[in-house]
Structure formats: structure tokens, C-alpha cells
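Notes to accompany the following structure.
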Amino acid sequence: MHNQWDVELSFEEDGTHTACEARLIGTGAPALTGRGAAERSAADRPVTRIGEEVAASRALDELSRRLRTQATGDIDDAGLRPGYLIY
């Protein structure tokens, strides 16, 4: 069996604020998203890539937490084990 999920990152920026949405896509992938944001300090140089990196890492962190929560719920629903994951 082969299954593939991809993560799509979308950004919105205004020069100071960067927002990112991370979304799981693929056949059978749970419909989950995570969001993250970054804000450039007035003293920092305007480097778009850095804001994107920070916002993306935060969005991926939230997506990871949501995926773990869903997996824990699926374990509970299946009645296989106590509903917690060790990671």
C-alpha cells in the first residue's frame, strides 16, 4: 500500500506581518490546517524569507498538534488503547 500526503504552505504578507496556512492535501489526508504568523520589528531589515520561515514553522507546529489530537481521538474511537500518544 502506498499513500502520500503533502503539505501546502500559503503566505500572506504586508511588509511587516506574515501569515502562513499549512494544509494537508492528498487522497485520504485528514482535512486539517494550521496557522502561524510572524511580525517584523521596525529595527529589523525587511527580509521576506525570514518572516515566511517563522510563520511556516508556527503553522507546521499547529498542524502537527492538530494531527496528533486527531490520531489520539481515532485511537479512542477504535477502542484499541488509551487515548494518548507517546512522542
Side-chain angles (χ1 to χ4, degrees):
M1 178 179 154
H2 174 77
N3 198 0
Q4 180 172 329
W5 298 351
D6 295 312
V7 176
E8 178 182 77
L9 300 176
S10 303
F11 298 94
E12 290 187 23
E13 303 171 65
D14 67 8
T16 302
H17 302 90
T18 303
C20 178
E21 181 177 89
R23 173 179 294 133
L24 278 177
I25 56 175
T27 303
L32 296 174
T33 61
R35 290 180 177 76
E39 183 175 351
R40 181 177 62 85
S41 170
D44 292 340
R45 292 180 300 126
V47 181
T48 302
R49 181 180 50 83
I50 295 171
E52 289 174 345
E53 290 170 347
V54 172
S57 72
R58 291 173 176 163
L60 289 167
D61 187 48
E62 182 177 290
L63 178 61
S64 172
R65 287 191 310 269
R66 288 180 179 204
L67 186 57
R68 193 166 37 253
T69 297
Q70 179 155 330
T72 300
D74 290 345
I75 290 168
D76 280 342
D77 291 347
L80 298 175
R81 297 182 181 166
Y84 62 89
L85 295 175
I86 298 172
Y87 53 94

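Since this is a predicted model, take the numbers as computed values, not measurements. Residues: numbered from 1 along the sequence shown.
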Problem set entry | Co-membership, hydrophobic cluster, residues Leu9 and Trp5, 4.5 Å side-chain |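 Looking at the clustering, Trp5 is in the same group as Leu9.
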
Exercise. Is a side-chain N or O of Thr69 found less than 3.5 angstrom from the main chain of Arg65, in a donor-acceptor match?
Worked result: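 Such a contact is found between Thr69 side chain and Arg65 backbone.
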
For this session: State whether the side chain of Arg66 and the backbone N or O of Thr33 hold a donor-acceptor pair below 3.5 Å, judged by distance alone.
Result: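 Judged by distance alone, yes, a pair lies under 3.5 Å.
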
Problem set entry | From Ile25 atom CD1 to Gln4 atom CD, the distance as rounded to the nearest 0.5 Å |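 Between Ile25 CD1 and Gln4 CD, I get 9.5 Å after rounding to 0.5 Å.
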
For this session: Kindly compute the distance separating CG (Leu60) from CG (Leu67), expressed to the nearest 0.5 Å.
Result: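 Going from CG on Leu60 over to CG on Leu67, the span is 11.5 Å.
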
[X] and [Y]: which non-hydrogen atoms are nearest, and at how many Å?
X: Ala55; Y: Ala19; result: CB-C, 4.4 Å
X: Pro30; Y: Gln70; result: CB-NE2, 3.4 Å
X: Arg40; Y: Arg45; result: CD-O, 3.5 Å
X: Ala37; Y: Val54; result: O-CG1, 4.5 Å
X: Ala38; Y: Gly51; result: CB-O, 3.6 Å

For this session: Kindly write out the residues that satisfy salt bridge (charged side-chain N to carboxylate O under 4.0 Å, His left out) with Arg23, not counting sequence neighbours, or none if the list is empty.
Result: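 Applying salt bridge (charged side-chain N to carboxylate O under 4.0 Å, His left out) to Arg23 gives Glu8, Glu21.
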
Exercise. Got a sec, which residues hit salt bridge (charged side-chain N to carboxylate O under 4.0 Å, His left out) with Arg49, two or more places apart in sequence or on another chain?
Worked result: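 Only Glu53 meet the salt bridge (charged side-chain N to carboxylate O under 4.0 Å, His left out) criterion with Arg49.
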
For this session: Would you mind reporting whether Leu24 and Val7 have side-chain heavy atoms less than 4.5 Å apart?
Result: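 Yes; the side chains approach each other to less than 4.5 Å.
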
